[in-house]
2 protein chains.
Amino acid sequence: MDHRTFKTEINEQLARIAKAVANPHRLEIIDLLAQGERSVDALAQETAMSVANASQHLQALREARLITARKEGLRVYYRLADYTVYRLVQTLREIAQQQLAEVDRIVNTYLTQRASMEPVTLNELLTRLREPGLVILDVRPALEYSQGHIAGARSIPIDELESRLHELPQAQEIVAYCRGEYCVFADEAVEILTEHGYHVRRLQLGYPDWKLADLPTETE
Amino acid sequence: MDHRTFKTEINEQLARIAKAVANPHRLEIIDLLAQGERSVDALAQETAMSVANASQHLQALREARLITARKEGLRVYYRLADYTVYRLVQTLREIAQQQLAEVDRIVNTYLTQRASMEPVTLNELLTRLREPGLVILDVRPALEYSQGHIAGARSIPIDELESRLHELPQAQEIVAYCRGEYCVFADEAVEILTEHGYHVRRLQLGYPDWKLADLPTETE
DNA sequence: ATACTATTCAATTAATCAATTGAATATTTG
DNA sequence: CAAATATTCAATTGATTAATTGAATAGTAT
């Protein structure tokens, strides 16, 4: 029994997964794929990378079996190999938040309104899902909403919010959410809605966290 | 509001944590530190690295704020900066097991008896903690046992087990555990004890998983 | 058939990472 | 004090990673 070799080989497999996510672009790609399947050029655009570079990063994730692909015509669509792959991002996020002062500094620098907003926890929203006076507002792009969203949520993509305010009843409380803890769409929605006199709060996490917690979702 | 920059900076911090654990030696170091604080030369020995190399890897973990150090005389002792850092290893392990066929292949190659042994889950052991006929056997080195162990466990380090069999009542059921899912001490203990007619099963995970689940622990 | 398009592949270059080496630093002992 | 020791530091070397570039491949439309 060669323990040393066993240990080494096992830890090499664990490191293989860690290496695959040890790059900021690849983390962002996983985050986007957790919203729903995406083509290479869509991912490239969203992450401000060249198609060739995005493709290389996707091959790295694929080598580690974290994503899978299907081809349709000219396009290749990627998705998470298993939804639990998103747990890698979650755990990294939680540990980084806990251990790195830089995370707070970055959040406080860019999201200056967050300190004054009490977010809604997943659990709180779960208990209020059937509340008649509550609007759950998904401000991600409509495609993402249709691929999966919190049960009962309605969709107004952030870039349409200003022009579609009239669709939202001012008497109701709104919980806005988007892609995850570091997605800014919901922060922007809270700002806009607050300026227009709405009672609105941001959901603390995002759709992938909700889904991964096996809470009620819908697709369109 | 520069979303692109915010996204990039946040993901760089997440990647910083991932990079720190994206090395097999560093994963093993975290695993060992989860058993309790350790000096550099002890870590170097256990991981079959030079002291200089171990020290370099420790500096990498330290840069990512995953470990902390205290000095005592000539020696520097390292520990996890927070016990939840072990969650990185747990998550990587779970995703690797789920996504990489290589993990099963490696385990089946080196731990050939595992397929025929039904392990005890943490939950099952928790419900049986006060069972009078059950012996919980910690087969890690005695130092690790003293730094922290499952409440009510007794210690016989694996390298002393053959010579101390007489201390174990053959009429009782034994649950053996060690450092974690890929620690082989408990497998070896099961083999030895089974050969000698004991009724013994391995705990599925190890002490750090037990501790991280906030289940009852003791120190000596 | 040609032209266009989405993606991958492979090569190149620069940056980063890992192991080793030996010196430097700090502590302990006789 | 000198000698021994545990660890870190810094430099070197070789390996790996990331971005870019342009060619190759496969699919679609005319």
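Computed from a predicted structure; not experimentally measured.
When the nearest nucleotides of DNA chain D are assigned to G73(A) and S39(B) by heavy-atom distance, the more 5′-ward of the two goes with S39(B). Nearer to the 5' terminus of DNA chain C, by closest-nucleotide assignment, is the contact made by A54(A) (compared with the other of K19(A) and A54(A)). Comparing A42(B) and A52(A) by the nucleotide of DNA chain D that holds the closest heavy atom to each, the one mapping nearer the 5' end is A42(B).
Protein atom OH of Y78(B) is 11 Å distant from nucleotide atom C1' of dA6(D), rounded to whole Å. The CG-P distance, from L43(A) to dA6(C), rounds to 14 Å in whole Å. In this entry the distance linking NE2 of H57(B) with P of dC17(C) reads 13 Å, nearest Å. One interatomic measurement links the two molecules: CG of N23(B) to C1' of dT17(D), which rounds to 14 Å at whole-angstrom precision. Atom pair H25(A):NE2 and dT16(C):P shows a separation of 13 Å (rounding to whole Å applied). The distance between atom NZ of K71(A) and atom P of dA6(C), rounded to the nearest whole Å, is 12 Å. L61(B) has its CG atom 10 Å from the P atom of dA18(C), to the nearest Å. Across the protein-nucleic acid pair, I29(B) atom CD1 and dA18(C) atom P stand 11 Å apart, rounded to whole Å.
Judged by distance alone, with hydrogens and angles left aside, Q56(B) brings a side-chain donor or acceptor within reach of the base of dT20(C), the pair sitting under 3.5 Å. At a cut-off of 3.5 angstrom, counting only N and O atoms as typed in the model, there is no donor on one side facing an acceptor on the other between the side-chain of E72(B) and the base of dT27(C).
Put simply, R26(B) has a side-chain N or O that comes within less than 4.0 Å of OP1 or OP2 on dA18(C). Not one side-chain nitrogen or oxygen of S55(A) sits closer than 4.0 Å to the OP1 or OP2 atom of dT7(C).
When every heavy atom of L129(B) is checked against every heavy atom of P216(B), the shortest pair comes out as CD1-CG, 3.9 Å.
For L74(A), whose side chain is taken as the heavy atoms from C-beta onward, the closest listed nucleotide among dT8(D), dG27(D), dT20(D) is dG27(D). Nearest nucleotide to the R75(A) side chain, out of dT7(C), dA19(D), dT8(D): dT7(C). Looking at the side chain of N53(B), the nearest of the listed nucleotides dA19(C), dT20(D), dT8(C) is dA19(C).
Put simply, the residue from Q99(A), Q98(A), E94(A) that forms a side chain to side chain donor-acceptor pair (under 3.5 Å) with T84(B) is Q98(A).
Relative orientation of the H57(A) and H25(A) rings is tilted, given thresholds of 30° and 60° on the angle between their planes. Between H3(B) and F185(A), the ring planes are perpendicular. Angles over 60° get that label, and only those under 30° would be called parallel.
Remark: the D187(A) side chain and the Q113(A) side chain contain no N/O donor-acceptor pair separated by less than 3.5 Å.
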